[in-house]
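Single-structure report; data block below.
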Amino acid sequence: MTLPETEAFAVAQGWAKFRGEQVWRWVHDKRARSFDEMTNLSKAFRDEVAKVATIGGLTVAEVQTSKDGTRKLRLVTHDGNSIESVLIPDGEKMTQCISSQVGCAVDCQFCATAKLGLKRNLDAGEIVDQVYQAQRMLAELEPDRRITNIVYMGMGEPLHNYENLVKSLRILTDDKGAGLGQRRITVSTSGLVPKLEKLGKEDVRPNLAVSLNAPNDAIRDEIMPINRKWNIGKLMAALRAYPIEQRRRITFEYVLLADVNDSASHAAQLAKLLRGVKCKVNIIPYNPHPEAAYARPAPAVVEAFQNECKRLGLPTYLRTPRGDDIDAACGQLANRSNGAAIVPLRIRPRVTDPNAPAGGPEGSGPPPPPPVE
Ligand code: SAH
Ligand code: SF4
């Protein structure tokens with residue numbers, strides 16, 4: 001629940017409204033994982049809350065660490081579904097890639113997640129808990145580092161889970177909780193046009209990334225069946241109308257597939273398509289996985305494609321694969337462990353300081369977890 005929803009819930013239960021904020025802050029600021037940790041609430045009240053509410057929802061089942069420092073977390077939901085979330089260190093930055101669904105219904109031909117099909121949407125609590133669990137793990141393993149950026153680029157199509165996406169954005173950006181900056185959050189979509197239009201009208205404004213992946217309808221129809229419903233023309237019209245603030249731009253992701261979309265002529269079509277749109281292009285050389293028959297173009301082809309885009313005036317960046325040795329790179333998330341060493345995670349139990357001053361709705365409790373910067 002968002003903070004206003006929790007307050008309304010408290011009132012509906014017959015409690016004072018401030019009780020909602022008290023409990024909400026314990027969960028989203030102080031990161032309590034049980035009602036018993038909420039030491040400034042009476043035992044009787046904690047018991048009452050525990051009868052009608054639950055906290056969190058995910059359990060960290062395993063963590064794999066790549067040679068390049070990328071970590072993949074497998075998290076299990078209360079009903080036994082596995083999802084994956086990836087922590088990617090990059091200089092001072094630490095980006096977390098989070099999932100929005102168990103599997104995905106969009107069926108892009110090059111994506112391993114597609115092969116799982118859609119099992120179910122994650123609820124907002126499960127989306128948010130990926131961040132909280134990763135922060136706990138990081139505080140334990142690398143206390144000097146913080147999660148600085150969040151990308152909704154894990155399993156699932158975020159706009160197919162619209163209500164929970166928006167709710168999770170509201171929770172993560174609330175100053176009374178994790179307080180993440182909206183500019184540090186990116187939502188990536190395969191291009192669900194009506195939902196894009198809706199997102200543009202929300203008061204939460206994450207960065208937008210669009211998985212374009214093809215310069216024309218013929219190729220996009222083939223590799224992303226969703227294009228048959230909302231083709232490039234409809235998608236670009238929605239994006240041209242999308243409210244973009246000053247100094248922000250849309251990111252277009254372009255998975256480079258050998259002999260499919262990687263020629264100079266494709267680069268020229270792409271540059272023409274994106275002319276006049278405030279954007280940048282991220283080229284992602286295809287990450288192989290057993291379920292798809294595509295190939296990654298040779299390095300010289302990737303370089304030539306990027307250079308051609310740049311020559312034609314497109315700001316174009318090459319994404320180097322991260323964590324591909326543990327199947328953690330873009331498009332490889334499919335709940336596989338590939339035989340690599342899996343380190344069972346042990347997080348020390350929270351130490352609650354019994355001497356911490358008890359507070360009211362604005363009060364302080366045990367020391368908060370490290371802030372998200
Ligand atoms: N469903 C959303 C977000 C998750 S996919 C979306 O499609 O945007 C995240 C990114 O991974 C997308 O840009 C997608 O095009 C890319 N991707 C999928 N499979 C890939 C693969 N095998 N190699 C490289 N990138 C891939
Ligand atoms: Fe779903 Fe994105 Fe994979 Fe397409 S690329 S199947 S939308 S997760």
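In this chain, residues are counted from 1 in sequence order. These figures come from a predicted structure and were not determined experimentally. Ligands are counted one by one from 1 in listed order, and the atoms in each one are counted from 1 as well.
- If you check which protein heavy atom lies closest to atom 19 (N) of ligand 1, you get Gly331 CA, 3.0 Å.
- Of all protein heavy atoms, the one closest to atom 2 (C) of ligand 1 is Ser188 O, 3.4 Å.
- Closest to atom 8 (O) of ligand 1 by heavy atom, among Ser100, Cys111, Gly154, Ser211, is Ser211.
- Only the side chain of Ser190 comes within contact range of ligand 2, with a heavy atom under 4.0 Å; no backbone atom does.
- Protein heavy atom closest to atom 9 (C) of ligand 1, with residue, atom name and distance, is Met153 O, 3.6 Å.
- Ring-centre distance between Phe45 and Trp15: below the 6.0 Å cut-off.
- Side-chain contact, Thr251 with Asn282: no donor N or O sits under 3.5 Å from an acceptor N or O.
- Looking only at protein heavy atoms, the nearest one to atom 16 (C) of ligand 1 is Val255 CG2, 3.8 Å.
- Proximity to Thr189 (heavy-atom distance under 4.0 Å) selects the following atoms of ligand 1: 6 (C), 8 (O).
- With a 6.0 Å radius and a threshold of 12 heavy atoms from other residues, nucleotides or ligands, Arg205 has its CZ atom above the threshold.
- Lys280 forms a cation-pi arrangement with Tyr317, by the criterion of a distance under 6.0 Å to the ring centre and an angle within 45° of the ring axis.
- Of all protein heavy atoms, the one closest to atom 4 (Fe) of ligand 2 is Cys108 SG, 2.4 Å.
- Heavy-atom contacts of Asn213 reach the following atoms of ligand 1: 15 (O) (cutoff under 4.0 Å).
- The protein non-hydrogen atom at the shortest distance from atom 7 (S) of ligand 2 is Val106 CB, 3.5 Å.
- Residue contacts to atom 3 (Fe) of ligand 2: Cys104 brings no N, O or S atom closer than 2.8 Å.
- Proximity of the aromatic rings of Tyr132 and His28 is defined here by a centroid distance below 6.0 angstrom, and this criterion is met.
- Proximity annotation for atom 1 (N) of ligand 1: of Pro285, Pro158, Ala329, Gly156, Gly156 comes nearest, heavy atoms only.
- In terms of protein heavy atoms, atom 21 (C) of ligand 1 is closest to Cys330 O, 3.4 Å.
- Against a heavy-atom cut-off of under 4.0 Å, Gly156 is close to the following atoms of ligand 2: 8 (S).
- A salt bridge does not link Arg170 with Glu5: every distance from a Lys NZ or Arg NE/NH1/NH2 to an Asp or Glu carboxylate oxygen is 4.0 Å or more.
- Contacts with ligand 1 closer than 4.0 Å are made by heavy atoms of both the backbone and the side chain of Asn287.
- At a heavy-atom cutoff of 4.0 Å, ligand 1 is contacted by both the backbone and the side chain of Glu157.
- Looking only at protein heavy atoms, the nearest one to atom 10 (C) of ligand 1 is Glu253 OE2, 4.1 Å.
- Of the N and O atoms on the side chains of Asn213 and Ser211, not one donor lies less than 3.5 Å from an acceptor on the other residue.
- A salt bridge is absent between Lys51 and Glu48: the closest approach of a Lys/Arg side-chain nitrogen to an acidic carboxylate oxygen does not fall below 4.0 angstrom.
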Evaluate the criterion side chain to side chain donor-acceptor pair (under 3.5 Å) for residue pair Tyr152 and Thr189; output intermediate values, then yes/no. CA-CA 9 Å; Tyr152 285 70; Thr189 178; over 6 Å; no

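- Among protein heavy atoms, the minimum distance from atom 3 (Fe) of ligand 2 is reached at Cys111 SG, 2.4 Å.
- More than 12 non-hydrogen atoms from other residues, nucleotides or ligands lie less than 6.0 angstrom from CD of Glu245.
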Walk me through whether Asn227 and Asp221 qualify under side chain to side chain donor-acceptor pair (under 3.5 Å). CA-CA 5 Å; Asn227 198 64; Asp221 279 351; 2.9 Å; yes

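- Protein heavy atom closest to atom 22 (N) of ligand 1, with residue, atom name and distance, is Phe110 O, 2.8 Å.
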